[in-house]
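Here the structure is laid out as structure tokens; the discussion comes afterwards.
Each ligand, and each atom within it, is numbered from 1 in the order the structure gives.
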Amino acid sequence: MSEAVVLLNGELLPLSEARIPVLDRGFIFGDGIYEVIPLYNGKPFRGAQHLARLARSLAAIGIPNPYTESEWLAQIDRVVRANGLADQMVYMQVTRGVARRAHAFPKDVQPTVLIMTNPLVLPPAQAREQGVACVTMEDRRWLNCQIKSVSLLGNVLAAQYAAEHGVTEAIQFRDGYLTEASSSNVWVVRNGRVAAPPKDNLILEGIRYGLMEELCAAMEIPLEARRLSREEVFGADEVLISSATKELLPVVTIDGRTVGDGKPGPVFARLYAGYQAAKAAL
Ligand SMILES: Cc1ncc(COP(=O)(O)O)c(C=O)c1O
């Protein structure tokens, strides 16, 4: 396979030749944000929503957006074309830039912009057909989880906790209430009704959150955003997780306890079919 090509500050380069200075604030402070957009047949899925979230993350930490939406799409297209047109996962990162190390924002600094792409590897069919296992843990992250920050240590530790338990995700609770998993949003189904934690500072609003709202509305599945206790999660008929790379997956055990009847449920089946139809309509 030929080497991946990345776009660093507007320049296409082989991955092995892309370099950033050690004083980049992304490296020194984790001072930056990122986005991940899935592309099917080279076309961004929910691209406008991802770029809007990128703009919100940048605004939240006071980094000027280096590109307009159409410029971002053009830059993404350059990288996608350079790497071939199969299903891809585009990763974009913007940091505050390179400056002498001092915590407060430096003046007159150019953001560092990286765009790279990897093959989009979706979960195996078995994960959807049999469901996946998760564990729970206390959410120990900061209180600005709505920002898609590259400072991901809390999420990294949660993902590692899941990996050490041999499961797909770590579902987090803050003060007894559901927040989200290490890199997915969580959905709880009871009596045919879907519920999810509110879109506030305690979770990253996944782009699939908006998609789920649309799918539930179109299918007349009631959906409410509200605080969800541990008891509600463990007492659910179905629990689902969503992300760009997982799409939508059914969770059948949590901390070794069976969810519902231990099989992927009917609400999952409907929403997953709706998800695939939305992709097909791209
Ligand atoms: C912490 C967190 N929550 C939720 C999500 C789901 O977001 P999306 O649907 O945009 O992939 C992600 C995605 O990586 C995430 O990292």
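Residue contacts with ligand 1: R53 is included, with a non-hydrogen atom under 4.0 Å away. Proximity of C145 to ligand 1 is not established, as no heavy-atom distance is less than 4.0 Å. Residue contact check for ligand 1: E205 places no non-hydrogen atom closer than 4.0 Å to it.
For a threshold of 3.5 Å applied to N or O pairs, the pair formed by Y209 and ligand 1 contains no separation below that value. The shortest N/O to N/O separation between I207 and ligand 1 falls below 3.5 Å. An N or O contact shorter than 3.5 Å links E180 to ligand 1 by distance. At least one N or O atom of A244 sits closer than 3.5 Å to an N or O atom of ligand 1.
The contact set between ligand 1 and S182, taken as ligand atoms under 4.0 Å from a residue heavy atom, comprises 1 (C). Here is the list of ligand 1 atoms found below 4.0 Å of a heavy atom in K148: 13 (C), 14 (O), 16 (O). Per-residue contacts place N185 under 4.0 angstrom from the following atoms of ligand 1 (heavy atoms of the residue considered): 4 (C), 6 (C).
Side-chain atoms of E71 and Q75 include no donor-acceptor pair closer than 3.5 Å. Residues E213 and Y209 bring no donor and acceptor atom of their side chains to less than 3.5 Å of each other. Side-chain polar atoms of T95 and D24 form a donor-acceptor pair below 3.5 angstrom.
Atom 13 (C) of ligand 1 has as its closest protein heavy atom S183 O, 3.5 Å. Of all protein heavy atoms, the one closest to atom 7 (O) of ligand 1 is G206 CA, 3.2 Å.
Ring orientation note: the planes of F173 and F234 are close to parallel, at an angle under 30° on the 30°/60° scale. Between Y161 and H165, the angle of the ring planes lies from 30° to 60°, which puts this pair in the tilted group. Using the six-membered ring where Trp is involved, Y67 and W72 have ring planes that are perpendicular, over 60° apart on the 30 and 60° scheme.
For the pair K279 and E247, the salt-bridge criterion is met [side-chain N within less than 4.0 Å of a carboxylate O]. Residues E232 and R190 are not paired through a salt bridge, judged by the lack of any N-O separation under 4.0 Å between the basic side chain and the carboxylate.
Both the backbone and the side chain of R208 come within 4.0 Å of ligand 1, counting heavy atoms alone.
Summarising the contacts of atom 1 (C) of ligand 1 with I241, L248, N155, V186, the nearest heavy atom is found in N155.
At least one side-chain heavy atom of I254 sits under 4.5 Å from a side-chain heavy atom of V233.
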